[in-house]
2 protein chains.
Amino acid sequence: METRLDLVFAALSDQTRRAILTMLLEDDMAVTDVAEPFDMSLAAISKHLTILSRAGLITQEKRGRVKWCKLDPDALREASVWMQGFGQFEPVNLDAFERFLEEELRDEA
Amino acid sequence: METRLDLVFAALSDQTRRAILTMLLEDDMAVTDVAEPFDMSLAAISKHLTILSRAGLITQEKRGRVKWCKLDPDALREASVWMQGFGQFEPVNLDAFERFLEEELRDEA
DNA sequence: CGCTTATTTAACCGATTGGTTGACGATCGC
DNA sequence: GCGATCGTCAACCAATCGGTTAAATAAGCG
């Protein structure tokens with residue numbers, strides 16, 4: 001049986017999809033705009049978005065011919081709870097996270 | 001390019017492997033003992049352990065003919081930092097985690 | 001209406017995944 | 001040394017993945 005947690009972690013295991021989530025952290029975006037920075041077909045991005053959507057990490061709403069993608073952090077929270085359970089972590093270091101973010105964005109460029 | 005984070009999330013995306021990590025939370029274990037509760041060949045478990053090991057989530061040390069598996073939460077911390085960056089999370093709810101743990105263990109049984 | 005833009009679908013491809021079985025190399029106990 | 005145990009390796013299998021191109025669907029624009 002495939003659990004929600006399976007889907008979330010599988011969705012997060014791809015750099016392209018993590019980069020998409022990072023982009024959506026800034027603002028909601030249309031599919032075409034999500035695809036723009038990537039060296040990849042629109043169809044491929046569409047598939048990635050489907051995977052993120054099935055995992056519950058984003059929601060998609062169609063207005064007119066444009067489909068808007070919006071981050072939905074609920075699923076992430078669930079996964080985060082699972083991970084934090086392994087315990088020996090210091091309180092979250094946001095500086096470390098920002099370095100991470102920059103690195104991910106740099107890799108993508 | 002396959003990053004560390006790719007490997008960690010991919011490793012976590014399988015219920016069997018998450019259950020193994022949960023077991024190792026209690027104590028270090030030999031490969032055969034890890035395999036015991038699962039309805040799956042020893043070779044399959046051996047592969048799962050290799051994946052966890054390459055992701056840095058466990059370390060394995062051979063003493064005699066027994067190979068001991070030990071949880072190594074460093075890689076998890078890295079992934080956790082990434083996730084927490086999505087921010088809108090309440091401080092970690094350990095009760096929620098314990099419910100999760102119980103559920104995972106129940107699923108496995 | 002007819003063109004353009006937005007997005008998904010279908011068919012295909014090679015690589016990877018998660019499992020199997022069977023053979024194999026190491027190591028322990030006797 | 002001999003037999004049992006520990007664990008991995010190799011070959012195989014069906015299913016999924018991450019990408020492609022080409023066609024199809026849908027909606028806005030003039």
Side-chain angles (χ1 to χ4, degrees), chain A residues 1-21 23-24 27-70 104 107-108, chain B residues 1-21 23-24 27-70 104 107-108:
Chain A
M1 186 214 2
E2 192 151 61
T3 71
R4 161 59 69 92
L5 220 39
D6 288 342
L7 293 174
V8 171
F9 283 127
L12 292 177
S13 74
D14 183 280
Q15 212 164 2
T16 300
R17 288 192 291 263
R18 288 198 308 276
I20 290 174
L21 292 178
M23 289 161 58
L24 292 178
D27 209 348
D28 301 355
M29 294 177 83
V31 174
T32 307
D33 295 332
V34 169
E36 198 272 331
F38 296 99
D39 187 21
M40 191 182 304
S41 72
L42 190 60
I45 296 294
S46 180
K47 282 190 185 179
H48 281 305
L49 290 171
T50 301
I51 291 171
L52 289 170
S53 183
R54 279 212 245 275
L57 291 167
I58 65 171
T59 56
Q60 291 180 286
E61 181 198 353
K62 193 162 184 175
R63 279 205 299 273
R65 54 180 170 173
V66 173
K67 200 163 184 180
W68 292 92
C69 306
K70 182 185 177 62
E104 288 261 322
D107 287 354
E108 179 204 326
Chain B
M1 187 213 359
E2 192 149 65
T3 70
R4 161 60 69 94
L5 219 40
D6 288 343
L7 294 174
V8 171
F9 283 128
L12 293 177
S13 74
D14 184 279
Q15 214 164 0
T16 302
R17 287 192 293 263
R18 288 198 308 277
I20 291 174
L21 291 178
M23 290 161 58
L24 291 178
D27 209 350
D28 300 354
M29 294 178 82
V31 173
T32 307
D33 295 332
V34 169
E36 197 272 332
F38 297 98
D39 186 22
M40 190 181 305
S41 70
L42 187 61
I45 296 294
S46 179
K47 282 189 187 182
H48 281 306
L49 291 171
T50 301
I51 290 171
L52 289 170
S53 183
R54 278 211 247 275
L57 291 166
I58 66 169
T59 55
Q60 291 180 288
E61 182 199 355
K62 193 161 185 176
R63 280 205 299 274
R65 56 179 171 175
V66 173
K67 199 165 183 177
W68 292 93
C69 306
K70 182 185 178 59
E104 288 261 323
D107 287 354
E108 176 206 330

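Values below: every heavy atom of this structure, side chains too, minus hydrogens, waters and symmetry copies. Labels below follow one simple rule: chain letters A, B, ... track the order of the sequence lines, proteins then strands, and each chain is numbered from 1. All values derive from a computational prediction rather than experimental measurement.
Remark: Glu2(B) pairs with no residue by the side-chain hydrogen bond (donor to acceptor under 3.5 Å, both in side chains) rule, at least two apart or across chains.
The salt bridge (charged side-chain N to carboxylate O under 4.0 Å, His left out) contacts involving residues 27-47 of chain A comprise Asp28(A)-Lys70(A), where partners must be two or more places apart or lie in separate chains.
Bounding nucleotides for the chain A contact on DNA chain C, 5' to 3', at a heavy-atom distance below 4.0 Å, are dT4(C) to dA11(C).
Comparing the local axis fitted to the first five base pairs of the helix from dC1(C)-dG30(D) to dC30(C)-dG1(D) with the one fitted to its last five gives a bend of 20°, rounded to 10°.
Phe38(B) and Ile45(B) make their closest contact through CD1-CD1, 3.8 Å (heavy atoms, listed as atom of the first residue, atom of the second, distance). Heavy-atom minimum distance, Leu42(B) versus Val31(B): CD1-CG1, 4.0 Å. When all heavy atoms are compared, the tightest approach of Glu61(A) to Arg63(A) is OE1-NH1, 3.3 Å. Summarising the geometry of Ala10(A) relative to Ser13(A), their closest heavy-atom pair is O-OG, 2.8 Å, with the distance given to 0.1 Å.
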Report summary line: Its contact letters, B for base, S for sugar-phosphate only and - for none at protein heavy atoms under 4.0 Å, make nucleotides 16-30 of chain D read --SBBB-----BS--

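In this structure, Ser46(B) does not reach the dG7(D) phosphate: none of its side-chain N or O atoms is under 4.0 Å from OP1 or OP2.
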Which pairs would a plain distance check flag for residues 48-56 of chain A, meaning a side-chain donor or acceptor within less than 3.5 Å of a matching protein atom at least two apart in sequence or in another chain?
residue	atom	partner	partner atom	Å
His48(A)	ND1	Arg17(A)	NH1	3.1
Thr50(A)	OG1	Ser46(A)	O	3.0

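Residue Trp68(A) holds its CH2 atom at 9.0 Å from CE of Met29(A), rounded to the nearest 0.5 Å.
At a threshold of 4.5 Å between non-hydrogen side-chain atoms, the residues Leu21(B) and Leu12(B) count as touching.
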**Report entry** Audit row: Leu5(A), Gln15(B), side chain to side chain contact (heavy atoms under 4.5 Å, CB included) steps and yes/no
**Finding:** CA-CA 8 Å; Leu5(A) 220 39; Gln15(B) 214 164 0; over 6 Å; no

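Between the CG atom of Leu49(B) and the P atom of dC9(D) there is a distance of 12 Å, given to the nearest Å.
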